[in-house]
> 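Below is one structure. I have some questions about it.
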Amino acid sequence: MLAGSSPAFALSAETDGARASTKKAEGYKYIRVYDTKGDSDSVYGLYHRQASPSTERALHNKSGSGTHATSGTGSKILDQKACVSLDFQPDRCSGKVSNP
């Protein structure tokens, strides 16, 4: 599991095969979920928004390796984690990364 920031001021949560990120320049209002591995597993991001902090939301990306899905806009995303959907075993998820 890896969490950190890039020069574009994005905060990312990563696990082998998936990355979920938000950008400071967008006010942390969108989440993008990237499929980073050439396998048959789909990926998704789990996140909470400021307007409803007790509601965990999910954004799925089932388009395959090298693609990403983007959420609609809304209130600030408070935290995110990236997950890989695995058959016949628990899904693999990163740790949660909180936005400032």
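Just so it is clear, the structure is predicted and the values come from calculations on it, not from any experiment.
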> Are Leu59 and Val43 connected in a single hydrophobic cluster, I mean Ile/Leu/Val/Met/Phe/Trp/Tyr linked by side-chain heavy atoms less than 4.5 Å apart?
yes
> Ignoring hydrogens and geometry, is there a side-chain-to-backbone donor-acceptor pair from Ser85 to Ser42 under 3.5 Å?
no
> Going by atom types only, do Asn99 and Thr22 share a side-chain donor-acceptor pair under 3.5 Å?
yes
> Tell me the closest heavy-atom pair linking Asp35 and Gly64, and the distance in Å.
CB-O, 3.3 Å
> Where the side chain of Thr15 meets the backbone of Cys83, is there a donor-acceptor pair that is under 3.5 Å apart?
no
> Whether the side chain of Gln80 engages the backbone of Leu11 through a donor-acceptor N/O pair (distance < 3.5 Å, no angle test) should be reported.
yes
> Work out which heavy atom in Ala20 is nearest to a heavy atom in Ala82; give both atom names and the distance.
N-CB, 3.6 Å
> Measure the shortest side-chain to side-chain distance between Ser65 and Tyr34 over non-hydrogen atoms and say whether it is less than 4.5 angstrom.
no
> For the atom pair CG (Asp41) and CG (Asp87), what is the distance rounded to the nearest 0.5 Å?
6.5 Å
> How far does OG1 of Thr36 sit from NE2 of His68, to the nearest 0.5 angstrom?
13.5 Å
> For Lys37 versus Asp16, what's the shortest heavy-atom pair and its separation?
NZ-OD2, 2.9 Å
> Should Tyr28 and Tyr47 be counted in the same cluster of Ile, Leu, Val, Met, Phe, Trp and Tyr side chains packed under 4.5 Å apart?
no
> Quick one, Arg92 and Leu86 - any side-chain contact, counting heavy atoms below 4.5 Å?
yes
> With side chains defined as the heavy atoms from C-beta onward, is the minimum distance between Ser94 and Lys81 less than 4.5 Å?
yes
> Can you tell if the side chain of Thr67 reaches within under 4.5 Å of the side chain of Asn61, non-hydrogen atoms only?
yes
> Hey, is the main chain of Ser75 close enough, under 3.5 Å, to the side chain of Arg49 for a donor-acceptor pair?
yes
> Could you tell me if the side chain of Lys23 sits less than 4.5 Å from the side chain of Arg32, heavy atoms only?
yes
> For Lys76, is the NZ atom crowded, meaning more than 12 foreign heavy atoms sit under 6.0 Å from it?
yes
> Backbone N or O of Ile31 within a donor-acceptor pair of the Ser71 side chain at under 3.5 Å?
yes
